[in-house]
Amino acid sequence: MRFLLDAEQRAFADSLDAMLTAADTPSVVREWSRGEHAGGRALWSRIAQAGVFALAVPEAYEGLGPRPVELAVAFVELGRHAVPGPLVETVTAAALLAGLPDPGAAKRLLPALATGEAMATLAWTAPYALDGDAATTHLALTPHGLYLSPGHGPVRPSLDPARRLTPLDPGGELLSPDPPTAQALAHARLTTAAQALGVGLALLDRTVAHVRRRTQFGVPIGSFQAVKHRLADAKVALEFARPLVLGAALTMDPADIAAAKVTACEAAYTTARTALQAHGAIGYTAEYDLSLWLTKARALRTAWGGPDACRAEVLGAARPGQDRVSGDRRW
Amino acid sequence: MDLTHSAADEAFRAEARAWLRAHVPPDPLPSLETEAGFAAHRAWEARLAADHWSVVNWPAAYGGRDATLVRWLLFEEEYWAADAPGRVNQNGVGLLAPTLFEYGTEEQRARVLPSMATGEVVWAQAWSEPEAGSDLASLRSRAVRRDGGWLLSGQKTWSSRAAFADRAFGLFRTDPDRPKPHQGLTYLMFDLRAPGVTVRPIARLDGKPAFAELFLDEVFVPDEDVIGEPGQGWRIAMSTAGNERGLMLRSPGRFLASADRLTHLWHTRGSPQSTRHRVADALIGARAYQLFTYAAASRFLDGESIGPESSLNKVFWSEYDIALHETALDLLGVEGELADTDWSERYVFSLAGPIYAGTNEIQRDIIAERLLGLPKGRR
């Protein structure tokens with residue numbers, strides 16, 4: 001037992017963090033929200049060059065995967081920097097395509113996902129696919145099978161302006177009549193959980209910086225217990241979500257992943273509420289960059305299995321009274 | 001990253017499980033906070049100790065098994081899963097023993113630890129005073145120099161287990177002239193039955209004498225019962241607060257077992273929709289606490305100290321524990337009101353969690369100031 005990221009995994013996170021910090025992601029997010037994708041595509045290529053999408057693509061299809069722990073590490077950083085685009089959807093599409101009984105579609109579509117030349121989105125648990133207007137590969141999972149959709153409908157706005165929701169056009173090429181979906185759902189929930197954790201961590205960091213700087217009554221507002229204690233609670237919530245996310249990446253157990261998803265998303269959302277309150281009116285403006293994370297925290301909570309669905313998964317796995325042996329019984 | 005345990009560690013777990021299966025009393029012991037229950041729990045400690053299961057992580061020389069932190073975690077998982085009795089000597093084992101391992105003399109360890117391991121001597125803590133609670137450093141009980149030792153005078157309160165315990169440990173002011181309140185304090189051990197000690201039990205919320213006030217009137221303590229240097233008491237008491245002890249105050253095994261029992265109760269009550277969310281959160285919280293602790297243990301084994309992170313841990317488990325037991329009482333419906341059940345005993349115990357071992361308000365201040373870097377302010 002050694003439940004710690006190794007030096008290489010930490011260095012991977014640090015290098016992504018440095019790259020995304022230098023990329024001025026807030027301005028990329030704002031362009032993306034207006035449907036201007038040039039900056040987002042450039043950032044997408046750099047993320048792909050860092051190997052992020054390849055982590056979800058098996059070696060047989062020119063990827064490095066599956067490497068769920070490294071994926072989780074990467075998605076925490078993507079969330080921390082509010083990177084826009086169908087990140088989770090591309091990883092989920094990769095897991096879905098890699099698991100098809102007939103390898104034809106995987107051979108054709110996966111290498112470009114790994115390199116970042118292609119950007120995938122996927123309509124499955126929701127009637128909309130994320131960022132269909134930017135994606136180059138549109139997958140629709142319907143009761144009749146998995147289709148390569150011919151295109152997308154008009155954009156509907158999300159509470160998070162950087163998430164552009166599009167219905168996918170019906171029909172298209174049938175890739176598989178009955179695709180296995182468990183691995184894809186696991187990847188979707190895991191990476192959403194990691195992204196939410198990153199969103200929460202960024203919200204906490206920015207709020208800590210704000211309350212140290214902002215003075216009222218002649219002192220920093222961060223010296224008031226009413227402020228401190230809410231931020232302390234956010235810290236507790238995020239620090240207990242983190243091991244669930246990394247543990248889930250390690251076991252890829254559906255109940256572990258569901259627990260990580262609901263906990264990380266709740267922690268991020270609680271932190272968002274605290275961040276908004278501690279910032280006061282400036283936090284309630286679209287203009288202030290905090291909004292990029294505030295709105296995402298809300299959207300991720302219901303994406304890829306909301307709190308009820310995740311809790312149901314955990315309850316379904318619970319085996320009260322049975323002996324606990326590592327690798328055998330977790331719930 | 002690796003969450004699997006070695007075959008040797010799993011063998012240790014299996015050995016613990018087999019022993020517990022064979023020895024855990026089939027019926028719950030009477031409440032630890034009653035005279036009869038205290039005696040029964042003390043006898044259980046002796047039974048554990050006879051086969052070296054009472055303090056598995058201690059050196060064998062003092063009654064342990066030299067178990068690693070990981071094995072201690074596995075033992076705790078098995079212990080609580082077996083529904084074994086509460087630990088009457090937790091104050092001694094969890095608070096005093098780590099201090100003795102770090103600051104005590106070889107003579108003190110040899111004298112104090114073996115009888116602690118068997119439960120022959122049960123220890124109470126003596127930190128708080130009527131005017132010194134969260135602001136512990138303002139304590140006024142004093143120890144005055146006397147040939148070969150010290151004379152203790154003053155009043156301690158909220159002393160857990162003191163109603164029936166044998167000895168106690170705590171901080172006393174030995175140098176009242178130092179400029180700052182946390183200077184001039186000394187960490188020492190004393191006999192609760194020594195001349196000059198009056199123990200007045202205090203009934204907790206359910207009427208059981210779970211703690212006591214201690215009135216001390218020139219109680220003699222020999223030099224051999226001072227831990228570390230006189231005047232260094234604050235540093236000694238606090239330095240072990242953040243490390244291993246912070247990690248070991250409540251093991252994940254307790255909460256994994258409690259979440260299991262709650263899930264079982266929920267099923268026996270027809271899996272009602274109204275409590276579904278809270279039962280799931282109890283399961284998830286136990287898993288989160290287990291993984292958080294594994295991560296902390298891994299860092300500890302790498303030689304890192306845990307430090308103020310233990311405040312995250314304390315806020316989490318104390319609030320978790322109450323929420324879990326509130327859910328259980330709600331599931332029990334009208335029976336939830338009955339005071340003579342295991343659930344209600346544990347519920348009442350859980351209510352104290354956010355108050356003892358540093359209130360959660362103090363813990364949140366520590367998180368905000370030392371982990372988040374927020375400025376100090378008026379409390």
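Convention: sequence-line order gives letters A, B, ...; per-chain numbering from 1. Both backbone and side-chain heavy atoms feed into the values below; hydrogens, waters and symmetry mates do not. Not measured: the values here are computed from a predicted model.
- Using a cut-off of 4.0 Å between Lys/Arg side-chain N and Asp/Glu carboxylate O, B:Arg287 and A:Asp253 are scored as not salt-bridged.
- Enclosure of atom CZ in A:Phe12 by more than 12 non-hydrogen atoms of other residues, nucleotides or ligands within 6.0 angstrom is indicated.
- At a threshold of 4.0 Å, the pair B:Arg276-A:Asp308 does not count as salt-bridged, since none of the basic side-chain nitrogens sits closer than that to a carboxylate oxygen.
- At a 4.5 Å heavy-atom cutoff, the contact between B:Glu369 and chain A is made by side-chain atoms alone.
- Taking CG of A:Leu244 as the reference point, atom CD of B:Gln290 lies at 10.0 Å (rounded to 0.5 Å).
- Both the backbone and the side chain of B:Leu256 come within less than 4.5 Å of a heavy atom in chain A.
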Report the C-alpha separation of B:Met1 and A:Asp6 in whole Å, then their side-chain angles, then the decisive distance to 0.1 Å, and conclude whether the side chain to side chain contact (heavy atoms under 4.5 Å, CB included) test is met.
CA-CA 7 Å; B:Met1 290 230 294; A:Asp6 63 30; over 6 Å; no
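- Rounded to the nearest 0.5 angstrom, B:Ile367 CD1 and A:Leu231 CG are separated by 11.0 Å.
- The line from CG of A:Leu250 to CG of B:Leu3 is 4.5 Å long, rounded to the nearest 0.5 Å.
- Proximity to chain B is absent for every atom of A:Ala249, based on heavy atoms less than 4.5 angstrom apart.
- Paired with A:Val314 under the rule side-chain contact (heavy atoms from CB on, under 4.5 Å), one option of B:Thr263, B:Val279, B:Ile284 passes, and it is B:Ile284.
- Note: A:Leu246 CG to B:Leu291 CG = 9.0 Å, rounded to the nearest 0.5 Å.
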Working for side chain to side chain contact (heavy atoms under 4.5 Å, CB included), residues B:Leu301 and A:Arg2
CA-CA 9 Å; B:Leu301 294 172; A:Arg2 193 189 138 78; over 6 Å; no
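- For chain B, no part of A:Val219 is nearby; none of its heavy atoms comes within less than 4.5 Å.
- Looking at every heavy atom in both residues, B:Lys376 comes nearest to A:Ser223 through O-CB, 3.7 Å.
- Checking side-chain atoms of A:Lys228 against main-chain N and O of B:Pro375 turns up a donor-acceptor pair under 3.5 Å.
- Of the two parts of A:Glu313, neither the backbone nor the side chain holds a non-hydrogen atom closer than 4.5 Å to a non-hydrogen atom of chain B.
- Across all their heavy atoms, B:His267 and A:Pro320 have their closest contact at CD2-CG, 4.3 Å.
- For a residue to count as touching a neighbouring chain, one of its non-hydrogen atoms must lie under 4.5 Å from one of that chain's; by this rule B:Asp9 does not touch chain A.
- A 6.0 Å sphere centred on CZ of B:Arg278 holds more than 12 heavy atoms belonging to other residues, nucleotides or ligands.
- Interface remark: of the candidates A:Pro220, A:Ala232, A:Gly247, A:Ala232 forms the most heavy-atom pairs closer than 4.5 Å to chain B.
- The choice from A:Gln225, A:Gln322, A:Gln9, A:Arg319 that makes the most heavy-atom pairs within less than 4.5 Å of chain B is A:Gln225.
- Of the two parts of A:Val208, the backbone and the side chain both hold a non-hydrogen atom closer than 4.5 Å to a non-hydrogen atom of chain B.
- No other option in B:Leu372, B:Leu371, B:Val315, B:Leu74 has as many heavy-atom pairs under 4.5 Å with chain A as B:Leu372.
- Separation of atoms CE (A:Met1) and CG (B:Asp2) is listed at 9.0 Å; rounding is to 0.5 Å.
- Smallest separation of non-hydrogen atoms from B:Ser298 and A:Leu4: CB-CG, 3.6 Å.
- Here the closest non-hydrogen pair linking A:Gly222 and B:Leu374 is O-CB, 3.6 Å.
- Residue contact with chain A, scored on non-hydrogen atoms closer than 4.5 Å, is absent for B:Arg370.
- Side-chain N or O atoms of B:Asp260 include one that pairs as donor or acceptor with a backbone N or O of A:Gly321 at under 3.5 Å.
- Annotation for A:Arg273: atom CZ does not count as buried by contact number, only 12 or fewer foreign heavy atoms lying within 6.0 Å.
- Between chain A and the residues B:Ala288, B:Ala286, B:Gly377, B:Gly285, the largest count of heavy-atom pairs under 4.5 Å involves B:Ala288.
- A:Glu239 touches chain B through backbone and side chain together, each having a heavy atom under 4.5 Å away.
- Considering all non-hydrogen atoms of both residues, A:Trp331 and B:Leu283 come closest at CZ3-O, 3.4 Å.
- Contacts of B:Ala295 with chain A are made by both backbone and side-chain atoms, with heavy-atom separations under 4.5 Å.
- Summarising the geometry, atom CG belonging to B:Asp281 is positioned 7.0 Å from atom CD belonging to A:Glu266; distances are rounded to the nearest 0.5 Å.
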